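Start at 1 and go down the list; that is how both ligands and their atoms are numbered. As the structure is a prediction and not an experimental result, all values here were calculated from the model.
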Amino acid sequence: MQATGPDLRSLYHEADAVRRKHVGDAVYLRGVIEFSNICRKSCSYCGINRTNKAVQRYRMKPEEIVLQCEKALEQGCTTVVLQSGEDLWFDCDRMCRIIRDIKSKYPLAITLSIGERPREELAEMRRAGADRYLLRFETSDPELFARLHPDDVLKERLACLENIRKAGFQPGSGFLIGLPWSNPEIIAHDIIFATKLRLDMIGCGPFIAHPDTPLADKPLLDDRELYFKTIAILRLLNPPAHIPATTAFDAMAPHSRDRLLTLGANVVMPNLTPMRYRKLYMLYPNKPCVDEDDSRCGECLKRRLAALNRSIGKNFGHGLSAGSALSGC
Ligand code: SAH
C-alpha cells in the first residue's frame, strides 16, 4: 500500500469505476437508530463500553423505536439500522416484537447491529423479518483482538458471523482502520479477510480515540491516505458489496464521507436517533450531527449527494453478492 501521486489517483479512479459498474450511481440511505447505550462488554476502543462510568446510560422504549422509523421514511431511507450496545434487556422476544411491528407498519428493510447473540436467537430474529445483520470482526489478528476485547475472543465473534449467515441474514462485517498496535500488514490482512468472508456489506472506519477509554491517548495514523486506500482496495476486491461511507470518517476529517463516495463507497447512514439521546451514544468523539434536529441529517446528506451528482437508491438495496439470502421485501 505504498501508492502515491498518479498511482493513487488511478487506484481511486478504478475503484470508482468498479463501484459504478457493479452497484451503480445510486447511494442507499440507511438510517441508524441508536436505541440503547447500555453494554455488557468492555471493548477498550469504545466510548460506551461498560467500564466508562462517565456515560449517562439510556434505553429507548420499544414503541419509541418503532415510531422513530417514520423519520426513516420521511428522509428517503429504505433501510433502518437498529444499533445498540450489547443490552440484553432487549432479549430475543423484545427484539422480535420490535422487528414485526416495524415490518407491519413500514416498507423498510431492517439491519440489526446489536452485538453477539446465540444461534437460535439469530434464527428467531431472522424469522421475525429482520433482513441483515452487521457484526464487525474489528481486526482479523487474534492477538490484537484479544488485547482490545477483554471479554471476547475472535473465534467466537467469527462463529457468530457464521451463524448470522446460516440464519439467512445478509451478512455485514468489517474492521477498524488504524487500531493501536496495528500496522499496514495487519490492515492488508484485514482487507483480505473481509474479502474471503463474501460479505453483502463491508463497513470499516477509522479508529478514533475516545478520551474516557483505555486507548484515550492513541493517535490517528500519520498516513491519513491509508484510511481511504483501504476503502478503495475493498471495492476493487469486492465489486458487488455494499460499502458505506461510515460516519467515523467525518469525525476524522469533515467531508471525508463525500470523498469516499468518489472512491468506492455507495451507502451513507443518516443518524435517526432522537436528539435527546444522540450525545449519549458517543462511541468516539467529534461524532457529526449530534447538535442537529432529527430530520436534518438526511437533508444534509441528500444535499451532499446532489453535489456529487449521485442519485438516491429507491429500492431496499439488498445484498448483491453471490450467496446472499435475499429476503421477501
Ligand atoms: N454492540 C454492537 C454495535 C457496536 S457499535 C456490536 O458489537 O456489533 C458499531 C461499531 O462502532 C463497532 O463495531 C466499532 O467498530 C465502532 N466503534 C466503536 N468504538 C469506536 C471508536 N473509538 N472509533 C471508531 N469506531 C468505533
Protein contact of atom 9 (C) of ligand 1 - nearest heavy atom, named by residue and atom, plus distance: Q83 NE2, 3.6 Å
For L176, the ligand 1 atoms with a heavy-atom partner under 4.0 Å come out as 15 (O), 24 (C), 25 (N), 26 (C)
Could you tell me the residue and atom name of the protein heavy atom closest to atom 24 (C) of ligand 1, and the distance to it rounded to 0.1 Å? P206 O, 3.1 Å
What residue and heavy atom of the protein are closest to atom 7 (O) of ligand 1, and at what distance? R157 NH2, 3.3 Å
Of the side chain and backbone of L283, name the one, both, or neither that has a heavy atom under 4.0 Å from an atom of ligand 1. both
To the nearest 0.1 Å, how far is atom 23 (N) of ligand 1 from its closest protein heavy atom, and which atom is that? I208 N, 3.1 Å
Assess whether atom CG of D222 is packed by more than 12 heavy atoms of other residues, nucleotides or ligands within 6.0 Å. no
Would the number of heavy atoms belonging to other residues, nucleotides or ligands and lying under 6.0 Å from CG of N309 be above 12? no
Atoms of ligand 1 less than 4.0 Å from R136 heavy atoms? 13 (O), 14 (C), 15 (O), 16 (C)
Does G47 reach ligand 1, in the sense of a heavy atom lying below 4.0 Å from it? no
Which protein heavy atom lies closest to atom 4 (C) of ligand 1, and at what distance to 0.1 Å? S84 O, 4.4 Å
Below the 3.5 angstrom mark, is there an N/O of Y45, backbone or side chain, next to an N/O of ligand 1? yes
Looking at A130, is its backbone amide N or carbonyl O close enough to the side chain of R126 to form a donor-acceptor pair, meaning the two atoms are under 3.5 Å apart? yes
Does S113 reach ligand 1 with a nitrogen or oxygen that is under 3.5 Å from one of the ligand's nitrogen or oxygen atoms? no
Heavy-atom side-chain proximity of K155 to L158 below 4.5 angstrom: no
Which residue pairs pass the ring-ring contact (aromatic ring centres under 6.0 Å, His included) test when at least one of the two sits in residues 245-271, sequence neighbours left out? F228-F249
H210: heavy atom below 4.0 Å from ligand 1, yes or no? no
Which ligand 1 atoms, with their elements, are less than 4.0 angstrom from a heavy-atom of C46? 19 (N)
Please name all residues satisfying side chain to side chain donor-acceptor pair (under 3.5 Å) with R100, sequence neighbours left out, ordered by chain then number. none
I need the contact type for E116 against ligand 1. Using non-hydrogen atoms and a strict under-4.0 Å cut-off, is it side chain, backbone, both or neither? neither
Close side-chain approach of M95 to E124, heavy-atom, < 4.5 Å: no
Using only atom types and a distance under 3.5 Å, with no angle test, would you say the side chain of H242 pairs donor to acceptor with the backbone of H318? yes
Report, in ascending order of atom number, the atoms of ligand 1 lying under 4.0 Å from any heavy atom of L135. 8 (O)
Can you tell if the side chain of R165 reaches within under 4.5 Å of the side chain of L161, non-hydrogen atoms only? no
Has R310 got a side-chain atom pairing as donor or acceptor with L305's backbone, closer than 3.5 angstrom? no
Atom 15 (O) of ligand 1 - nearest protein heavy atom and its distance: E138 OE1, 2.6 Å
